[in-house]
There are 2 protein chains.
Amino acid sequence: MEWNKENPEQCKVVVALDAVVGKWKPLILLHLLSKGTLRYNEIKRLIPDVTQRVLTLHLRQLEEQGIVKRVVYRQVPPKVEYSLTEHGQTLKPVLEAMHAWGLSHLEHLENFKNTQSE
Amino acid sequence: MEWNKENPEQCKVVVALDAVVGKWKPLILLHLLSKGTLRYNEIKRLIPDVTQRVLTLHLRQLEEQGIVKRVVYRQVPPKVEYSLTEHGQTLKPVLEAMHAWGLSHLEHLENFKNTQSE
DNA sequence: CAGTATCCCCTCAGATACTG
DNA sequence: CAGTATCTGAGGGGATACTG
């Protein structure tokens, strides 16, 4: 926790960022958090603007990081289910903290922009 | 706080990410958090690998967001001091949460990679 | 259904040189 | 000291078409 007292260089904020950054990753994580388990096309439908290519890329990266679990049911037509691993669940409070700050930041930006133009 | 129950679309995680993402932004913020006020070249010395161009860009963006305050002393040679705004300070708990998760994530990656190769 | 395979573009960051 | 100005390259993401 005490990263900032002496040597900020060894802080691991970037590690967290690396896991969460990606145009659609936050949305993917939030949907998995609220729904539990989702099939590939369900995610695609929940996030219409993501392309298949990028959605797959994001999911693969989250899987590599041990954040998302991918279960393939060998059948025709194929069925693939995505869910958060236990470790992935631990992101929830972090995402909530970021969301809360994001909200307050938006408010601050309001009167900040105003005082700028005055 | 309740972004995930029904509509993750309106979650503001991305707002927070937008403010914090940038190759050297976390380090800049951490240094400012621990030192309080720093001159341009002091930051540059604390983060040797950042180029002047990118450091300036990052600082300008943080300033635009109302996170960093920039004070110019009109004198020769010039003196410019950077510090966090009050609002910028509110990022501290968020960064700490990310750092803490980053640490635990690194541990998890250890035995995750191991179980992968088994 | 759940993806690959290509191709393209554009932003972010680095390198280097210059300046009020 | 605290920056600009230019040029450059890498890669993250989009569009479209195809497939086991």
Side-chain angles (χ1 to χ4, degrees), chain A residues 9 13-32 35-65 67-84, chain B residues 9 13-32 35-65 67-84:
Chain A
E9 305 73 29
V13 169
V14 288
V15 175
L17 280 178
D18 191 52
V20 156
V21 166
K23 184 152 179 192
W24 307 97
K25 277 185 196 170
L27 261 180
I28 293 171
L29 294 173
L30 297 178
H31 280 298
L32 289 175
K35 308 276 186 176
T37 298
L38 289 169
R39 299 180 60 169
Y40 182 87
N41 272 354
E42 290 180 312
I43 304 177
K44 179 76 184 79
R45 247 173 275 124
L46 288 168
I47 313 176
D49 287 349
V50 71
T51 62
Q52 287 187 316
R53 188 187 106 88
V54 171
L55 178 54
T56 305
L57 268 173
H58 282 1
L59 288 169
R60 291 290 187 283
Q61 288 163 13
L62 291 169
E63 195 190 353
E64 266 178 60
Q65 303 257 15
I67 293 169
V68 158
K69 184 172 46 181
R70 177 170 177 265
V71 180
V72 182
Y73 296 86
R74 215 107 186 53
Q75 61 183 47
V76 183
K79 173 178 167 183
V80 181
E81 285 186 342
Y82 292 92
S83 58
L84 292 177
Chain B
E9 306 73 28
V13 169
V14 286
V15 175
L17 280 178
D18 191 52
V20 157
V21 166
K23 184 153 179 194
W24 308 97
K25 277 185 196 170
L27 260 180
I28 294 172
L29 294 173
L30 297 177
H31 281 298
L32 289 175
K35 309 276 186 175
T37 298
L38 289 169
R39 298 180 60 169
Y40 182 87
N41 272 353
E42 290 180 312
I43 304 177
K44 178 77 184 79
R45 246 172 276 122
L46 288 168
I47 313 177
D49 288 348
V50 71
T51 63
Q52 286 185 317
R53 187 187 106 88
V54 171
L55 177 55
T56 305
L57 268 173
H58 281 2
L59 288 169
R60 291 290 188 281
Q61 289 163 12
L62 291 169
E63 196 190 352
E64 266 177 60
Q65 303 255 16
I67 292 168
V68 158
K69 184 170 47 182
R70 176 171 178 264
V71 180
V72 182
Y73 295 86
R74 211 96 193 60
Q75 63 185 46
V76 183
K79 174 177 167 183
V80 181
E81 286 186 342
Y82 292 92
S83 59
L84 292 178

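So that the names make sense, note that chain A is the first sequence line, chain B the second, and so on, each numbered from 1.
Nucleotides of DNA chain C that come within less than 4.0 Å of any heavy atom of chain A span, from the 5' end to the 3' end, C:dC1 to C:dT6.
Contacts between residues 37-47 of chain B and DNA chain D, defined by a heavy-atom separation under 4.0 Å, are made by B:R39, B:Y40, B:N41.
In this structure, the separation between CG on B:L38 and NE2 on B:H31 is 8.5 Å, given to the nearest 0.5 Å.
With contacts defined as side-chain heavy-atom distances shorter than 4.5 Å, the pair B:V50/B:K23 does not qualify. Contact check for A:T51 versus A:R53: side-chain heavy atoms found under the 4.5 Å cut-off. Using a 4.5 Å heavy-atom threshold, the side chains of A:Q61 and A:K25 count as touching. Residues A:L46 and A:L27 form no side-chain contact, since every pair of their non-hydrogen atoms from C-beta on lies 4.5 Å or further apart. Side-chain contact between B:L29 and B:L62 is present, with at least one heavy-atom pair separated by less than 4.5 Å. Side-chain contact between A:V80 and A:V71 is absent, with no heavy-atom pair separated by less than 4.5 Å. B:L55 places a side-chain heavy atom less than 4.5 Å from the side chain of B:I28.
For the pair A:Q52 and B:L59, both in contact range of DNA chain D, the more 5′-proximal nearest nucleotide belongs to B:L59.
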Point to revise | Strand DNA chain D as a dot-bracket string - pairs counted if Watson-Crick or G-U with both distances under 3.5 Å, | where the partner lies in another strand | key: ||||||||||||||||||||

Exercise for review: Mind running side-chain contact (heavy atoms from CB on, under 4.5 Å) on A:L59 and A:R70 for me, showing each step along the way?
Suggested key: CA-CA 9 Å; A:L59 288 169; A:R70 177 170 177 265; over 6 Å; no

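In this structure, B:Y73 reaches neither bases nor backbone, as no heavy-atom distance under 4.0 Å exists between it and the strands shown. Nucleic acid contact class of B:R74 (heavy atoms, under 4.0 Å, all strands): none.
For the side-chain hydrogen bond (donor to acceptor under 3.5 Å, both in side chains) condition, the pairs that include at least one residue of residues 71-80 of chain B, sequence neighbours left out, are B:Y73-B:E81.
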Give each protein N/O atom lying under 3.5 Å from an N/O atom of nucleotides 7-15 of chain D, with the pair distance.
from   : atom 1 : to    : atom 2 : distance (Å)
D:dG13 : OP1    : A:K23 : N      : 2.9
D:dG13 : N7     : A:R53 : NH2    : 2.4
D:dG14 : OP1    : A:K23 : NZ     : 2.9
D:dG14 : OP2    : A:W24 : NE1    : 3.3
D:dG14 : O6     : A:R53 : NE     : 3.1

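Legend: residues meeting side-chain hydrogen bond (donor to acceptor under 3.5 Å, both in side chains) with B:K69, ordered by chain and number and at least two apart, are absent.
Between the side chain of A:H58 and the main chain of A:W24, a donor-acceptor pair closer than 3.5 Å is present.
Shown here for B:G22 and B:P26, the closest heavy-atom pair between the two residues is O-CD, 3.4 Å.
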